[in-house]
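Here's the structure, in structure tokens; my notes come after.
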Amino acid sequence: MNIEKQQKWDQRYRQQADQDTSACAVLQQYQHLLPSQGRALDLACGLGGNALLLAEKGLDAEAWDISSVGLGQLNKIAEARQLSIACQLRDVEQQPPEQSLFDVICVSYFLHRESCQQLVSALKPNGLLFYQTFNVDNKNGPSNPKFVLARNELLSLFADLEVISYLENDRSQLNGQSWLVARRR
Ligand SMILES: C[S@@+](CC[C@H](N)C(=O)[O-])C[C@H]1O[C@@H](n2cnc3c(N)ncnc32)[C@H](O)[C@@H]1O
């Protein structure tokens with residue numbers, strides 16, 4: 001576990017006044033593709049907006065994050081909404097998901113290029129990936145290029161998957177962000 005990173009995010013979630021728990025736009029827009037049952041992961045979930053939607057849709061939702069404070073808040077929100085979400089404190093860079101576990105994986109506003117191939121392998125055949133995060137055209141996103149996508153980069157990071165939707169810098173809903181919906185063959 002990267003303790004420094006954990007403390008940074010714990011601190012952020014302690015200070016965060018507004019608790020936005022909406023799912024990312026790509027998951028909201030393509031939720032009709034979700035299977036009616038199965039195992040679904042919100043990776044680097046934060047307050048778990050994606051996990052909440054996945055659980056509402058009847059999936060066995062799991063939410064993994066390095067911040068115990070964020071996960072604690074998600075637990076409370078899920079309990080209040082009577083939703084069951086399996087929260088796991090986990091450094092997903094050091095411990096990405098194992099092979100062929102998930103029917104759905106959703107990642108928003110988190111990027112760790114080195115483990116993208118493991119995300120592909122963690123999908124079951126026909127499993128779906130929903131990915132949305134900042135790209136180089138974002139003026140307000142992270143300044144560290146490590147956390148920012150190049151143009152079309154999601155397409156190359158997940159080249160082994162079958163693309164269902166790819167969008168970049170859509171002016172109405174996605175300025176400075178990219179999204180991908182893709183399926184494991
Ligand atoms: C910008 S937030 C995004 C949270 C959420 N996905 C969302 O869309 O609101 C980035 C999240 O990644 C988590 N994170 C950063 N590094 C991580 C790691 N190595 N393992 C697991 N989670 C990590 C942070 O704790 C934080 O919750």
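Just so it is clear, the model here is predicted, and its values are computed rather than measured. One-based numbering, in listed order, for ligands and for the atoms of each.
Under 4.0 angstrom from ligand 1, there are no non-hydrogen atoms of Cys24.
Close N/O approach between Tyr13 and ligand 1 is found [any backbone or side-chain N/O within under 3.5 Å]. Backbone and side-chain nitrogen or oxygen atoms of Ser108 are examined, and one is located within less than 3.5 angstrom of a nitrogen or oxygen of ligand 1. The shortest N or O to N or O distance between Val92 and ligand 1 is below 3.5 Å. Polar contact with ligand 1: present for Asp65 (N/O pair, distance under 3.5 Å). Ligand 1 has no nitrogen or oxygen under 3.5 angstrom from a nitrogen or oxygen of Phe110. Taking any N or O of Trp9, backbone or side chain, none lies under 3.5 Å from an N or O belonging to ligand 1.
A single hydrophobic cluster is seen to contain both Trp179 and Leu54, as judged by linkage of ILVMFWY side chains at heavy-atom distances under 4.5 Å, directly or through other members. Phe130 and Leu154 are assigned to two separate hydrophobic clusters, defined by single-linkage of ILVMFWY side chains at heavy-atom distances under 4.5 Å. Put simply, Phe147 and Tyr131 are part of two different groups of oily side chains (I, L, V, M, F, W, Y) that touch within less than 4.5 Å, one to the next.
For the pair Arg185 (side chain) and Asp160 (backbone), a donor-acceptor distance under 3.5 Å is present.
Comparing Asp91, Val107, Leu27 by heavy-atom distance to atom 18 (C) of ligand 1, the nearest is Asp91.
If you number the atoms of ligand 1 from 1 as listed, the ones under 4.0 Å from a heavy atom of Lys5 come out as 16 (N). Heavy-atom proximity to Arg90, at under 4.0 Å, picks out these atoms of ligand 1: 20 (N), 21 (C).
Here the heavy atom of the protein found nearest to atom 5 (C) of ligand 1 is Cys45 O, 3.3 Å. Counting only heavy atoms of the protein, atom 12 (O) of ligand 1 lies nearest to Ala44 CB, 3.5 Å. The shortest contact between atom 22 (N) of ligand 1 and any protein heavy atom is with Ile66 N, 3.1 Å. The protein heavy-atom contact nearest to atom 1 (C) of ligand 1 is Tyr109 O, 3.3 Å.
Looking at heavy atoms from C-beta onward, Trp64 lies out of side-chain contact with Gln95 at the 4.5 angstrom threshold. Looking at Phe134 and Leu111, their side chains never come closer than 4.5 Å, going by heavy atoms from C-beta outward. Between Gln11 and Gln7, every side-chain heavy-atom pair lies at or beyond the 4.5 Å cut-off.
Atom 20 (N) of ligand 1 is approached by the protein to below 4.0 angstrom, counting heavy atoms only.
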Gln132/Gln177 under side chain to side chain donor-acceptor pair (under 3.5 Å): CA gap, chis, key distance, verdict: CA-CA 7 Å; Gln132 176 173 347; Gln177 296 184 35; 2.8 Å; yes
From CA spacing to verdict: salt bridge (Lys or Arg N to Asp or Glu O under 4.0 Å), Arg39, Glu98: CA-CA 13 Å; Arg39 202 169 160 186; Glu98 291 82 14; over 6 Å; no
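More than 12 heavy atoms of other residues, nucleotides or ligands lie within 6.0 Å of CZ in Arg81, so this atom counts as buried by the packing criterion.
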